[in-house]
Amino acid sequence: MHESPQGATVGRVVETEAYFGPPGANPTLARRARHDAALAWVRANGDPASHSFRGPTRRNGVMFGPPGHAYVYLIYGLNECLNVSTGAPGDPQAVLFRALAPVAGEELMQKRRGVAGPRRLASGPGKLTTAMGVTRAHDGRDLTTPPLYLAAGARRRGRIGVGPRVGVTRAAHLPFRYWIEGDAHVSRR
DNA sequence: TGGCAGATTTTA
DNA sequence: AAAATCTGCCAA
(Lines give C-alpha, C1' and ligand atoms only; values in the text may rest on other atoms or scores of the structure.)
Protein backbone atom coordinates (compact mmCIF):
# COMPACT_ATOMS: atom_id res chain seq x y z
CA MET A 1 0.00 0.00 0.00
CA HIS A 2 1.28 3.45 -0.91
CA GLU A 3 -0.53 6.59 0.20
CA SER A 4 0.96 9.32 -1.97
CA PRO A 5 -0.14 12.91 -2.59
CA GLN A 6 -1.45 11.69 -5.95
CA GLY A 7 -3.66 9.09 -4.30
CA ALA A 8 -3.48 5.63 -2.83
CA THR A 9 -2.39 2.50 -4.66
CA VAL A 10 -2.83 -0.97 -3.23
CA GLY A 11 -1.63 -4.32 -4.52
CA ARG A 12 -1.69 -7.95 -3.46
CA VAL A 13 1.73 -9.58 -3.59
CA VAL A 14 1.77 -12.43 -6.10
CA GLU A 15 5.49 -12.96 -6.73
CA THR A 16 8.66 -12.59 -4.67
CA GLU A 17 12.27 -13.70 -4.53
CA ALA A 18 14.48 -14.34 -1.51
CA TYR A 19 18.06 -13.09 -1.27
CA PHE A 20 20.55 -14.01 1.40
CA GLY A 21 24.01 -12.83 2.37
CA PRO A 22 27.62 -13.89 2.72
CA PRO A 23 28.65 -17.38 3.84
CA GLY A 24 28.03 -18.34 7.44
CA ALA A 25 24.89 -16.26 7.86
CA ASN A 26 21.57 -17.67 8.98
CA PRO A 27 19.30 -18.36 6.00
CA THR A 28 15.74 -18.92 7.14
CA LEU A 29 12.73 -20.02 5.11
CA ALA A 30 9.52 -21.88 5.64
CA ARG A 31 10.32 -25.51 6.30
CA ARG A 32 10.16 -27.34 3.01
CA ALA A 33 12.05 -30.42 2.03
CA ARG A 34 13.30 -28.97 -1.22
CA HIS A 35 14.83 -26.05 0.64
CA ASP A 36 17.01 -28.05 2.96
CA ALA A 37 19.77 -28.58 0.42
CA ALA A 38 19.52 -25.02 -0.89
CA LEU A 39 19.79 -23.49 2.58
CA ALA A 40 22.72 -25.70 3.45
CA TRP A 41 24.42 -24.55 0.27
CA VAL A 42 23.78 -20.91 1.19
CA ARG A 43 25.16 -21.40 4.69
CA ALA A 44 28.35 -22.77 3.23
CA ASN A 45 28.76 -20.57 0.16
CA GLY A 46 26.61 -17.53 0.84
CA ASP A 47 24.25 -16.18 -1.82
CA PRO A 48 26.45 -14.88 -4.67
CA ALA A 49 23.39 -13.43 -6.42
CA SER A 50 22.63 -11.13 -3.50
CA HIS A 51 23.78 -7.52 -3.42
CA SER A 52 24.91 -8.10 0.17
CA PHE A 53 27.22 -10.97 -0.76
CA ARG A 54 30.33 -8.79 -0.86
CA GLY A 55 29.56 -6.77 2.23
CA PRO A 56 27.91 -3.41 2.88
CA THR A 57 28.05 -0.54 0.39
CA ARG A 58 26.24 2.78 0.14
CA ARG A 59 23.62 1.13 -2.07
CA ASN A 60 22.85 -2.01 -0.07
CA GLY A 61 23.21 -0.60 3.44
CA VAL A 62 19.55 -1.15 4.29
CA MET A 63 19.97 -4.90 3.88
CA PHE A 64 22.36 -4.88 6.84
CA GLY A 65 19.97 -2.92 9.06
CA PRO A 66 16.84 -3.99 10.94
CA PRO A 67 14.11 -5.96 9.18
CA GLY A 68 10.98 -4.42 7.71
CA HIS A 69 12.68 -1.60 5.84
CA ALA A 70 12.63 -0.75 2.15
CA TYR A 71 15.70 -1.48 0.05
CA VAL A 72 15.20 0.30 -3.29
CA TYR A 73 17.90 0.27 -5.94
CA LEU A 74 18.31 1.18 -9.59
CA ILE A 75 18.93 -1.60 -12.06
CA TYR A 76 20.10 -1.43 -15.66
CA GLY A 77 20.20 2.33 -15.36
CA LEU A 78 16.46 2.80 -15.56
CA ASN A 79 14.32 0.49 -13.45
CA GLU A 80 13.94 0.56 -9.70
CA CYS A 81 13.37 -2.55 -7.59
CA LEU A 82 11.67 -2.73 -4.17
CA ASN A 83 12.82 -5.14 -1.49
CA VAL A 84 12.07 -5.50 2.21
CA SER A 85 14.92 -6.29 4.58
CA THR A 86 14.16 -9.49 6.46
CA GLY A 87 17.19 -10.43 8.54
CA ALA A 88 18.19 -9.24 12.00
CA PRO A 89 20.69 -6.34 12.01
CA GLY A 90 23.94 -7.61 10.55
CA ASP A 91 22.20 -10.47 8.75
CA PRO A 92 21.66 -9.00 5.27
CA GLN A 93 18.67 -10.84 3.86
CA ALA A 94 15.88 -9.33 1.76
CA VAL A 95 12.80 -10.22 -0.23
CA LEU A 96 12.33 -8.69 -3.68
CA PHE A 97 8.76 -7.85 -4.65
CA ARG A 98 8.44 -8.93 -8.26
CA ALA A 99 4.74 -8.56 -9.00
CA LEU A 100 1.46 -7.29 -7.55
CA ALA A 101 -2.17 -7.79 -8.46
CA PRO A 102 -3.72 -4.31 -8.35
CA VAL A 103 -6.35 -3.96 -5.62
CA ALA A 104 -7.05 -0.22 -5.60
CA GLY A 105 -5.85 2.89 -7.39
CA GLU A 106 -5.66 1.25 -10.79
CA GLU A 107 -6.27 4.54 -12.59
CA LEU A 108 -3.28 6.09 -10.86
CA MET A 109 -1.18 3.03 -11.66
CA GLN A 110 -2.11 3.33 -15.32
CA LYS A 111 -1.22 7.01 -15.29
CA ARG A 112 2.16 6.32 -13.72
CA ARG A 113 2.83 3.49 -16.15
CA GLY A 114 1.68 5.52 -19.11
CA VAL A 115 -0.66 2.80 -20.31
CA ALA A 116 -4.40 2.59 -20.91
CA GLY A 117 -4.95 -1.14 -20.56
CA PRO A 118 -6.19 -2.32 -17.17
CA ARG A 119 -4.13 -5.48 -16.95
CA ARG A 120 -0.56 -6.34 -15.99
CA LEU A 121 0.13 -3.01 -14.33
CA ALA A 122 2.71 -4.39 -11.90
CA SER A 123 3.81 -7.73 -13.39
CA GLY A 124 7.55 -7.27 -12.92
CA PRO A 125 9.84 -5.59 -10.38
CA GLY A 126 10.36 -2.42 -12.44
CA LYS A 127 6.72 -2.14 -13.45
CA LEU A 128 5.72 -2.65 -9.82
CA THR A 129 7.71 0.32 -8.52
CA THR A 130 6.54 2.50 -11.40
CA ALA A 131 2.88 1.63 -10.78
CA MET A 132 3.16 2.16 -7.03
CA GLY A 133 5.19 5.36 -7.25
CA VAL A 134 8.13 3.85 -5.37
CA THR A 135 11.59 5.34 -5.95
CA ARG A 136 14.97 5.38 -4.31
CA ALA A 137 13.61 8.22 -2.19
CA HIS A 138 11.86 5.42 -0.27
CA ASP A 139 15.13 3.58 0.39
CA GLY A 140 15.45 2.91 4.10
CA ARG A 141 11.83 3.71 4.93
CA ASP A 142 10.01 1.68 7.57
CA LEU A 143 7.56 -0.55 5.69
CA THR A 144 5.31 -1.07 8.70
CA THR A 145 3.90 2.48 8.72
CA PRO A 146 2.35 4.82 6.11
CA PRO A 147 2.78 6.16 3.58
CA LEU A 148 4.40 3.03 2.12
CA TYR A 149 3.68 -0.13 4.03
CA LEU A 150 2.89 -3.84 4.02
CA ALA A 151 -0.44 -4.93 5.43
CA ALA A 152 -1.79 -8.37 6.22
CA GLY A 153 -4.67 -9.43 4.02
CA ALA A 154 -6.53 -12.43 2.74
CA ARG A 155 -4.30 -14.71 0.73
CA ARG A 156 -5.56 -15.82 -2.65
CA ARG A 157 -6.40 -19.48 -2.91
CA GLY A 158 -3.91 -21.55 -4.79
CA ARG A 159 -0.59 -23.28 -4.59
CA ILE A 160 2.64 -21.36 -4.31
CA GLY A 161 5.02 -22.08 -7.18
CA VAL A 162 8.74 -22.34 -6.43
CA GLY A 163 11.59 -22.03 -8.89
CA PRO A 164 14.88 -20.35 -9.80
CA ARG A 165 15.20 -16.58 -9.54
CA VAL A 166 14.73 -14.58 -12.74
CA GLY A 167 17.73 -13.04 -14.46
CA VAL A 168 20.15 -14.52 -11.94
CA THR A 169 23.32 -16.08 -13.33
CA ARG A 170 25.24 -16.75 -10.12
CA ALA A 171 23.87 -19.62 -8.04
CA ALA A 172 21.19 -20.03 -10.68
CA HIS A 173 20.08 -23.35 -9.25
CA LEU A 174 18.74 -21.93 -5.98
CA PRO A 175 14.91 -22.21 -5.89
CA PHE A 176 14.15 -18.91 -4.20
CA ARG A 177 11.45 -17.45 -6.44
CA TYR A 178 7.83 -17.80 -5.29
CA TRP A 179 4.59 -17.02 -7.03
CA ILE A 180 0.86 -17.65 -6.76
CA GLU A 181 0.22 -20.51 -9.12
CA GLY A 182 -2.10 -19.51 -11.93
CA ASP A 183 -2.30 -15.82 -11.04
CA ALA A 184 -2.51 -13.63 -14.15
CA HIS A 185 -0.40 -10.87 -12.57
CA VAL A 186 2.74 -12.92 -12.12
CA SER A 187 5.56 -11.68 -14.39
CA ARG A 188 5.97 -13.62 -17.61
CA ARG A 189 9.21 -15.30 -18.51
C1' DT B 1 40.39 4.86 -14.27
C1' DG B 2 38.19 1.77 -17.71
C1' DG B 3 35.48 -1.96 -18.87
C1' DC B 4 31.74 -4.87 -18.06
C1' DA B 5 27.86 -7.44 -16.11
C1' DG B 6 23.71 -6.83 -14.07
C1' DA B 7 17.55 -9.18 -9.26
C1' DT B 8 14.57 -5.10 -16.52
C1' DT B 9 11.34 -3.19 -19.73
C1' DT B 10 10.00 -1.66 -24.08
C1' DT B 11 10.11 -1.35 -28.98
C1' DA B 12 11.55 -2.88 -33.77
C1' DA C 1 16.85 -9.22 -30.85
C1' DA C 2 18.58 -4.84 -28.95
C1' DA C 3 18.58 -0.43 -27.00
C1' DA C 4 18.28 2.58 -22.94
C1' DT C 5 21.67 4.00 -19.44
C1' DC C 6 23.40 3.76 -14.09
C1' DT C 7 26.25 1.34 -10.43
C1' DG C 8 29.27 -1.56 -8.19
C1' DC C 9 33.22 -4.27 -8.73
C1' DC C 10 37.60 -5.81 -10.33
C1' DA C 11 41.63 -5.42 -13.16
C1' DA C 12 45.26 -2.63 -14.74
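All values derive from a computational prediction rather than experimental measurement. First the proteins, then the strands, lettered A, B, ... as listed; each starts at 1.
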Determine whether A/L29 and A/L39 make a side-chain contact, defined as any pair of heavy atoms from C-beta on separated by less than 4.5 Å.
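Counting from C-beta outward, A/L29 and A/L39 do come under 4.5 Å.
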For chain A, the stretch of DNA chain C it reaches, first to last nucleotide, under 4.0 Å of its heavy atoms
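Taking any atom under 4.0 Å from a heavy atom of chain A, the span is C/dA4 to C/dC10.
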Heavy atoms under 4.0 Å, any strand shown: does A/R54 hit a base, just sugar-phosphate, or nothing?
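Contact class for A/R54: sugar-phosphate only.
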Results of side chain to side chain donor-acceptor pair (under 3.5 Å) for A/Y76 - residues two or more places apart only
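Not a single residue meets the side chain to side chain donor-acceptor pair (under 3.5 Å) criterion with A/Y76.
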Taking side chain to side chain donor-acceptor pair (under 3.5 Å) as the test, write out the residues that go with A/S123, two or more places apart.
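Testing A/S123 for side chain to side chain donor-acceptor pair (under 3.5 Å), a comparison that skips the adjacent residues, returns A/R120, A/K127.
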Contacts of [X] that satisfy side chain to side chain contact (heavy atoms under 4.5 Å, CB included) - sequence neighbours left out:
X: A/R59; value: A/H51, A/T57, A/Y71, A/Y73
X: A/D91; value: A/A25, A/N26, A/Q93
X: A/A38; value: A/L174, A/P175, A/F176
X: A/R12; value: A/V14, A/A101, A/V103, A/R156, A/D183

If you look only at pairs with a residue in residues 85-116 of chain A, which of them pass as a ring-ring contact (aromatic ring centres under 6.0 Å, His included), with sequence neighbours excluded?
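Matches after skipping sequence neighbours: none remain.
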Tell me the ring-ring contact (aromatic ring centres under 6.0 Å, His included) pairs involving residues 136-172 of chain A, sequence neighbours left out?
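Every ring-ring contact (aromatic ring centres under 6.0 Å, His included) pair that includes a residue of residues 136-172 of chain A, provided the two are not neighbours, is A/H2-A/H138.
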Heavy-atom contacts, protein to nucleotides 1-12 of chain B, under 4.0 Å, summarised as B (base), S (sugar-phosphate only) or - (none) per nt, yield -----BBBSS--
Give me the stems containing DNA chain C, sorted by first residue, counting only three or more consecutive Watson-Crick or G-U pairs with both distances under 3.5 Å; say none if there aren't any.
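Consecutive-pair runs (3 or more) involving DNA chain C: B:1-6 with C:6-11, B:8-11 with C:1-4.
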So which pairs with a foot in residues 39-56 of chain A pass salt bridge (charged side-chain N to carboxylate O under 4.0 Å, His left out), sequence neighbours left out?
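Residue pairs with at least one partner in residues 39-56 of chain A: A/D47-A/R165.
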